[in-house]
Structures are given as structure tokens and as C-alpha cells.
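Input: a single structure, listed below in C-alpha cells.
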Amino acid sequence: MASLLGASPSSIFTCPRLSSPSSTSSISHVCFGPGRICGRIHFNPKKNRSRYHVSVMNVATEINSVEQAKKFDSKESVRPVYPFAAIVGQDEMKLCLLLNVIDPKIGGVMIMGDRGTGKSTTVRSLVDLLPEITVVAGDPYNSDPRDPECMGKEVREKVQKGEQLPVIETKINMVDLPLGATEDRVCGTIDIEKALTEGVKAFEPGLLAKANRGILYVDEVNLLDDHLVDVLLDSAASGWNTVEREGISISHPARFILIGSGNPEEGELRPQLLDRFGMHAQVGTVRDAELRVKIVEERARFDSNPKEFRESYQEEQLKLQEQITTARSNLSAVQIDQDLKVKISKVCAELDVDGLRGDMVINRAARALAALQGRDQVTAEDVGIVIPNCLRHRLRKDPLESMDSGILVTEKFYEVFS
């Protein structure tokens, strides 16, 4: 979710003595640090008081209050989202997204294709289908009360002391990472408000903290600045975000499903980041005239009356959501034969795929597909469906090769599995 900027209400802070009690002064138009907290400060000395009241006028700053966040998240203020079940075609992209929701450890999906093919619309429509997870109430990192690897430092200390943690059920977050975001907004920074009011250095979590145990979506990811790409690489590799700011060193969990989309005509993605995406979906423009007409008509219906359009797909949405929830709960029971594992690794070896990440992703994606279809055993057909998406972006590119890398993977699959 993109960061919000607004005007904070006037507030009165208490701060340490700034000058001698006998002095009376007025300072106007003061700015504090990178947060650009600007306004007027009046010093009003009072008898037998060692503190002054500093009045900071309303300013443009980032909205952090719980009340405003809840208001933003309420249904009244959220724009209507196009239903996932109403997306026409693009089955490859939809399948990759669903498999990542079922098993987040697949590692995300990179969606590349022509402009205007519904990449962003499809990703954002996934919000309605996201299941609920258990989190520690009031924790900014969405800590898992049962998994130490997904706990913040404060929550882990409470668990070690044997304290009872308040928990709530909440939907998985989908956080948008805008191209113009600063590194401080992504990683986190010093809480200026606490520094002013309490005289202490406090950490203000960023987008990576909010995306923990959720989805981080980057539209036009191939246009992302290099310094933000480095941040994503570090977090995606370790599952933790470490922030070094103003003498403070803070680490917090940052395990998220990384979803990116872009147009290959606008630039290639760095190979280091491309390898971090578990799956790769190729999206093309629909060529069938009747299908194009259907897409245009459906979109026109949604634009004219979003509420009515969403209600018409509500039953299909609920069925799909229930199917995802069931698949997530049954995923651990899905088995894959040793023979299939060997053949999967043989395909990767003969295609000269670097590393073992491809092998692991194929195994996970095939198990997630079997769970989605209500089975507890992976078949060769499951492997054949997911293997092009898992290996297409991992092959070494030959400038003289005109054949799509997905076709090369499919041919090698049939050769090994025959």
C-alpha cells in the first residue's frame, strides 16, 4: 500500500528546558530534519516550571496514527477492485499468482508482457482472495505467534519470558512499492515525533515491515532504482531487513511474496533480482476478436457500476477463496515421488541451470498445484504445467537463439519424462 501524506493536527509536546527560565522568546518557521516538520514554536515560560510547552503547528507529514490507518483500510475509503474471477484469459499468470498464495515459499512471481494486458489489474484483484493469518495484535511486523523466524525482537522477548500474547486474525497484506519511494520509506527510519517528544531514538518501520508475511508488489519493476533493487535483494535473500540509522541498529523479519510486473520493451531486469523470483509468467495480447470484445464489455460493466459487477462474481470469488484456504491447509500432506524429484533435477541439470533454486521451486510449485486441485499426490502432469514458469527466466540467454526459453524447457521436459 502506497505511503500516505497529509496534514497532522496541531499538537502540544513537552520538551526539556531550552533556555533560562527568565528568558522570553518566540521563534517562528522552524524545520526539523528530513521529515520536514515545519511550523512555529512559541516558548511560554511559567513560574516554578523547568519545562516549556512547544506548540507545533499542523504540517505535512506522514500519517501513522492507528485511527487514520483503520479509516484508510475501511471499505468506505478503498477503491473497488476488479474481481479476480472476472479476469478473462491470462491463465498462466493467474495460476502463478494462486500457487504463490498457497505456498509463499515458492518465492514470488515475475510477470512480463505487453502494455495494457491486465498485469497490474490481475495482481491487485488478488486482494479479495487472500486468506486470513494469525498475527500478534499491535505488532508492526505482523509477527507470527508460533514461528520464531517471523517474530519481531519485542515479541520474541515476550515469548521467552512466557508472557501471553494477544493475537488477532487478519487478511494477508498487499503492499505496493512505488518507483519513487525513498530508501528510508522502504527500510524504515528514525521516528522524529518520539525524538522530539521523548528525547529518545525510536525506529519507524517502513514498507518491508508492513509486507512481512504478506505480498510486496512492484509495478514496472524493471524501472526500479538500483539502490532499491539492492534492498530487495538483501531482504529477499535473508528474510530479514537490517536498518542502520543514526546510531541505531535494528533487524526485523521481512518474509514476503515478491510480485513484479513490467514491459520487456522498457528495459531488462537485473539477473540477480530476476533469479529471486520463484516463477516467471509471460503475458501476451489477446488476438481473438470475440475474446477482446468480451474483455472490453466486462470492463465497461465494471466502470459503470463497480458494486453491481462485483456482486455478480461474488459466488465465484467465494468458491475460489475457499479452494485456496483448503489448499493451504492440505499442502503439508501432498507427497511427491522420488522418481519425479530425480527427473526434475535431471531437467535442470541438462538445461545447465545455475544453482539449485530451480529444483526447489519446481517441487514446491508442483505440490501447490496438486493441493489446489484437491489431490495429495503430485503427478508428472503437474510438473509439466509448472516447469516452464519455474525455469524460463533461469536459462542462460543466447543472443542467437530465436526460440522462446519456455519452449526449450517444455521440450526438455518431454524428453526426460518420456
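Quick caveat, the model's predicted, so the values are computed rather than measured.
The environment of Gln164 atom CD is sparse: at most 12 non-hydrogen atoms of other residues, nucleotides or ligands sit within 6.0 angstrom. Within a 6.0 Å sphere centred on CD of Glu290, heavy atoms belonging to other residues, nucleotides or ligands number 12 at most. Residue Lys171 qualifies as enclosed at atom NZ: its count of foreign heavy atoms under 6.0 Å is above 12. With a 6.0 Å radius and a threshold of 12 heavy atoms from other residues, nucleotides or ligands, Glu322 has its CD atom at or below the threshold.
One side chain, Glu244 or Ser249, offers a donor N or O that lies under 3.5 Å from an acceptor on the other. For Asn389 and His280, the side-chain atoms include no donor-acceptor pair closer than 3.5 Å. Side-chain polar atoms of Glu154 and Tyr141 form no donor-acceptor pair below 3.5 angstrom. Checking Asn263 against Glu220 by side-chain atom types alone, no donor-acceptor pair falls below 3.5 Å. In the model, Thr117 has no side-chain atom that pairs as donor or acceptor with a side-chain atom of Thr285 under 3.5 Å.
With hydrogens and angles disregarded, a donor-acceptor distance shorter than 3.5 Å links the side chain of Arg367 to the backbone of Val334. Side-chain atoms of Gln323 come within 3.5 Å of backbone atoms of Leu372 as a donor-acceptor pair (strictly under, hydrogens ignored). In this structure a side-chain-to-backbone donor-acceptor pair under 3.5 Å is present from Lys119 to Asp114. Between the Thr121 side chain and the Gly118 main chain, no donor and acceptor come within less than 3.5 Å of each other. A distance-only check finds no donor-acceptor pair linking the side chain of Asn142 to the backbone of Val135 [under 3.5 Å]. A donor-acceptor pair under 3.5 Å is absent between the side-chain atoms of Arg328 and the main chain of Asp103, judged by distance alone. One N or O on the side chain of Ser143 and one on the backbone of Gly152 form a donor-acceptor pair closer than 3.5 Å. Side-chain atoms of Asp176 do not come within 3.5 Å of backbone N or O of Pro178 as any donor-acceptor pair. Not one N or O on the side chain of Ser345 forms a donor-acceptor pair closer than 3.5 Å with the backbone of Val342.
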Report the C-alpha distance between Thr134 and Glu169 in whole Å, list the side-chain angles of each, state the deciding distance to 0.1 Å, and finish with yes or no for side chain to side chain donor-acceptor pair (under 3.5 Å).
CA-CA 5 Å; Thr134 303; Glu169 295 288 328; 2.5 Å; yes
Test side chain to side chain contact (heavy atoms under 4.5 Å, CB included) applied to Arg115 and Glu265, step by step:
CA-CA 9 Å; Arg115 61 181 68 88; Glu265 295 179 359; 3.3 Å; yes
Residues Val231, Val229; criterion side chain to side chain contact (heavy atoms under 4.5 Å, CB included); working and verdict:
CA-CA 5 Å; Val231 169; Val229 171; over 6 Å; no
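A salt bridge links Lys412 with Glu415: at least one charged nitrogen is closer than 4.0 Å to a carboxylate oxygen. No salt bridge links Glu157 with Lys161; every basic N to acidic carboxylate O contact stays at or beyond 4.0 Å. Here Asp339 pairs with Lys343 in a salt bridge; the nearest charged N to carboxylate O distance falls below 4.0 Å. Asp354 and Arg394 are not joined by a salt bridge, as no carboxylate oxygen comes within less than 4.0 angstrom of a charged side-chain nitrogen. Using a cutoff of 4.0 Å between basic side-chain nitrogens and carboxylate oxygens, Asp359 and Lys341 are not scored as salt-bridged.
Aromatic ring centroids of Phe309 and Tyr82 lie under 6.0 Å apart.
Looking at residues two or more places apart in sequence or on another chain, you find a side-chain hydrogen bond (donor to acceptor under 3.5 Å, both in side chains) between Arg375 and Gln373, Asp382. For Glu308, the side-chain hydrogen bond (donor to acceptor under 3.5 Å, both in side chains) partners are Asn305, not counting sequence neighbours. Qualifying side-chain hydrogen bond (donor to acceptor under 3.5 Å, both in side chains) partners for Asp303, counting only residues two or more places apart in sequence or in other chains: Arg299.
The side-chain heavy atoms of Val123 and Asp219, taken from C-beta on, include no pair separated by under 4.5 Å.
Separation of atoms CG (Leu177) and CD1 (Ile259) is listed at 13.0 Å; rounding is to 0.5 Å. Considering CG of Leu97 and CD1 of Ile215, their distance stands at 8.0 Å, rounded to 0.5 Å. In this structure, CD1 in Ile106 is found 11.0 Å from CG in Asn363, a value given to the nearest 0.5 Å. A distance of 13.0 Å separates OH of Tyr313 from CZ of Arg310, quoted to the nearest 0.5 Å. With values rounded to the nearest 0.5 angstrom, Ile111 atom CD1 is found 12.0 Å from Lys94 atom NZ. Considering CZ of Arg357 and SG of Cys348, their distance stands at 12.5 Å, rounded to 0.5 Å.
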